[in-house]
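Each ligand, and each atom within it, is numbered from 1 in the order the structure gives. Throughout, numbering of the chain's residues begins at 1 and tracks the sequence. Only this structure's heavy atoms are used, side chains among them; waters, hydrogens and symmetry mates stay out.
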Amino acid sequence: MPAITGEEYKSRIDALDTEVWLDGKRIDGAISCHSAFKGVIQTQAELYDIQNNPDIKDTMTFISEKTSERIGASYLIPKSKADLEKRRQMVQRWARHSGGLMGRSPDYMNTVLASFAASIDVLKGEVNCFPERLVRFYEYARENDLSFTHTFVNPQSNRSKFAFFEKDVTNARIIKRMEEGLIVKGAKLLATQGGITDEILVFSAPGAQENCHAYGFSIPSDTPGLKFICRESFVNEDSPLSTRFEEMDTIVIFEDVLVPWERVFFHDNIKVANDFYVKGKFVPFTLHQIVARQVVKTEFLLGVAGRIVETINIGEYQHVQSKVTEIVRGLETMKALLYYSEAEAELDETGVMVPARQPLYVAINQFQEQYPRFTEIIQLLGASGLMSIPKESDFASPVGAEIDHYLRGYECKGKDRVALFRLAWDLTMSSFGSRQTLYERFFFGDPVRISQTIYQLYDEAASLNLVHELMNIKS
Ligand SMILES: Cc1cc2nc3c(=O)[nH]c(=O)nc-3n(C[C@H](O)[C@H](O)[C@H](O)COP(=O)(O)OP(=O)(O)OC[C@H]3O[C@@H](n4cnc5c(N)ncnc54)[C@H](O)[C@@H]3O)c2cc1C
């Protein structure tokens with residue numbers, strides 16, 4: 001089957017009987033028509049249509065070796081630096097459609113699954129591991145252009161170093177091994193886009209301590225016993241971004257869920273569960289997708305800051321220039337790290353071209369700190385303008401002409417100025433905007449622990465030797 005269209009995605013999601021709970025009620029009927037989901041599902045459908053645009057088919061798709069059909073490039077396992085570049089261009093083309101605001105456009109999870117399939121060497125020859133099932137499933141997903149959510153992280157009930165002394169009563173765990181498959185019970189969080197994808201990929205979080213928590217599998221979103229519990233919706237009909245890009249986050253509950261063996265990639269193996277993250281290709285490939293998107297998002301933030309400067313004519317002030325330059329520095333650094341990761345990519349022993357990890361780790365860890373600062377800069381430049389944002393209905397009312405007059409900007413009408421400031425508010429201050437900030441801080445992991453990982457992995461030998469050389473010490 002070739003890369004799907006937007007309509008195919010929508011009808012497939014609507015046909016599922018997924019158990020999604022919002023505001024204390026189970027969602028009934030076509031989820032693509034529900035007010036909390038219709039915007040993001042429509043945007044996602046547009047992404048699938050972009051994938052089918054004949055003018056950019058060479059960027060967005062590649063030819064399947066199995067069927068000779070054109071399939072999504074987000075499933076491509078790169079074998080050369082040209083493949084990595086193609087992947088970057090594909091990610092950025094999709095990211096431009098949302099200004100980088102959709103962290104879970106389908107390329108994110110498709111990249112994760114491709115990276116898992118490219119890491120089967122970690123599973124080979126290990127107990128309770130089924131690399132051939134993982135490859136079969138990857139090919140099935142790739143050829144059918146399946147969409148995914150995922151959940152890896154355990155509930156936040158106790159994060160102390162000694163939590164393993166306590167009896168675990170929350171984390172999803174294997175409670176039975178049956179002839180038909182595994183039975184899983186418990187919870188996981190979060191699953192962004194939970195309930196609006198074909199499948200959910202479930203892997204144990206790094207650091208599993210018991211066999212029952214060491215697993216990796218994928219199941220259809222409407223598997224019996226699987227429940228997605230939504231946070232409140234941040235869709236606000238008067239906000240330009242949330243109506244199109246609000247990706248719901250869900251808690252996932254497994255109520256004695258049967259995972260058929262064909263979908264179990266490994267189970268009851270703590271060593272493999274941890275090696276899969278550390279030695280597999282999940283980190284470099286997923287970070288390559290993430291940083292490519294974050295570059296586009298930074299371009300978007302820079303554009304919003306620049307438009308505010310123009311609209312109220314504040315470009316002559318030195319501190320305004322410095323603040324905009326801070327975003328420029330962030331953008332150029334992210335781009336440099338992304339290209340550096342490609343330039344330093346290496347073909348590994350399995351024939352896969354792996355981007356360099358360190359520049360990508362540095363990029364994400366830096367962005368976790370910079371993104372909140374960029375949003376702060378937009379607030380500092382926008383000031384009260386971010387609160388003078390009457391709605392469309394105000395402009396259409398008897399006081400509309402006065403509002404249009406009094407809220408005008410430098411060489412622009414009140415209505416246009418308000419549209420820009422409403423967008424800046426939605427980006428940085430609304431519930432949608434605040435969630436964007438939390439997302440960039442945490443979605444790939446705790447910034448503190450990512451920084452520790454950089455410290456632990458960084459090879460300082462050249463720097464240490466330089467000190468010895470300059471001090472003329474023989475080591
Ligand atoms: C908007 C959003 C969307 C997300 N979407 C998904 C998704 O789709 N799928 C998914 O699997 N996950 C998702 N996540 C979860 C994300 O991976 C986690 O937030 C992240 O890994 C951090 O874990 P935590 O939230 O449990 O924080 P915790 O680990 O509980 O950390 C809380 C605080 O305690 C500190 N802390 C805890 N333990 C330690 C320690 N060992 N050492 C030092 N400090 C510590 C942290 O620094 C932090 O300050 C999402 C998160 C957000 C915010």
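Closest to atom 49 (O) of ligand 1, if we only count protein heavy atoms, is Asp446 OD1, 4.7 Å. Scanning all protein heavy atoms for the shortest distance to atom 32 (C) of ligand 1 gives Gln156 NE2, 3.9 Å. For atom 16 (C) of ligand 1, the closest heavy atom belonging to the protein is Phe442 O, 3.4 Å. Closest to atom 15 (C) of ligand 1 among all protein heavy atoms lies Val153 CG2, 4.0 Å. Given atom 17 (O) of ligand 1, the protein heavy atom at minimum distance is Phe443 O, 3.2 Å. At the shortest separation from atom 12 (N) of ligand 1 among protein heavy atoms lies Leu190 O, 3.5 Å. Among protein heavy atoms, the minimum distance from atom 21 (O) of ligand 1 is reached at Gly445 CA, 3.4 Å. At the top of the distance list for atom 26 (O) of ligand 1, counting protein heavy atoms only, stands Arg159 NH2, 2.5 Å.
An N or O contact shorter than 3.5 Å links Phe152 to ligand 1 by distance. Of the polar atoms of Arg449, at least one N or O is found under 3.5 Å from an N or O of ligand 1, judged by distance alone. Residue contacts with ligand 1: Thr192 is placed with a nitrogen or oxygen under 3.5 Å of a nitrogen or oxygen of the ligand (distance criterion only). At a 3.5 angstrom cut-off on N or O pairs, Asn154 does not count as close to ligand 1. Distances between N or O atoms of Tyr439 and those of ligand 1 include no value under 3.5 Å. Taking any N or O of Thr151, backbone or side chain, none lies under 3.5 Å from an N or O belonging to ligand 1. Not one N or O of Phe444 is nearer than 3.5 Å to an N or O of ligand 1, by distance alone. Checking only distances, Val448 never comes within under 3.5 Å of ligand 1, N or O to N or O. Note: an N/O pair closer than 3.5 Å links Arg104 and ligand 1 by distance alone.
More than 12 non-hydrogen atoms from other residues, nucleotides or ligands lie less than 6.0 angstrom from CD of Gln42. The 12-atom threshold is not exceeded at CZ of Arg441, counting heavy atoms of other residues, nucleotides or ligands nearer than 6.0 Å. At most 12 heavy atoms of other shown residues, nucleotides or ligands fall within 6.0 angstrom of atom OH in Tyr340. The environment of CD in Glu369 is sparse: at most 12 heavy-atom neighbours from other residues, nucleotides or ligands sit within 6.0 Å.
Only one option out of Ser147, Ser74, Ser105 pairs with Asn110 in a side-chain hydrogen bond (donor to acceptor under 3.5 Å, both in side chains); it is Ser74. Just one of Gln289, His288, Glu342 meets the side-chain hydrogen bond (donor to acceptor under 3.5 Å, both in side chains) condition when paired with Arg88; it is Glu342.
Looking at Asp249 against ligand 1, only its side chain comes within 4.0 Å, counting heavy atoms.
For atom 53 (C) of ligand 1, a protein non-hydrogen atom is found at a distance below 4.0 Å. Under the 4.0 Å distance rule, the nearest protein heavy atom to atom 9 (N) of ligand 1 falls inside the cut-off.
Side-chain atoms of Phe266 and Glu126, non-hydrogen and from C-beta on, never get closer than 4.5 Å to each other.
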Verify side chain to side chain contact (heavy atoms under 4.5 Å, CB included) between Arg104 and Tyr439, making sure each step is shown before the conclusion.
-> CA-CA 11 Å; Arg104 299 304 162 84; Tyr439 182 82; 2.7 Å; yes

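The ring of Phe148 has its center no closer than 6.0 angstrom to the ring center of His150. Ring centroid separation for the pair Phe203 and Phe116 comes in under the 6.0 Å cut-off. A distance of 6.0 Å or more separates the ring centres of Tyr215 and Phe276.
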Can you list, pair by pair, the side-chain donor-acceptor contacts under 3.5 Å of residues 295-305, counting residues two or more places apart and other chains?
{"from": "Lys297", "atom 1": "NZ", "to": "Gln436", "atom 2": "OE1", "distance (Å)": "2.5"}
{"from": "Lys297", "atom 1": "NZ", "to": "Glu440", "atom 2": "OE2", "distance (Å)": "2.8"}
{"from": "Thr298", "atom 1": "OG1", "to": "Gln294", "atom 2": "O", "distance (Å)": "2.7"}

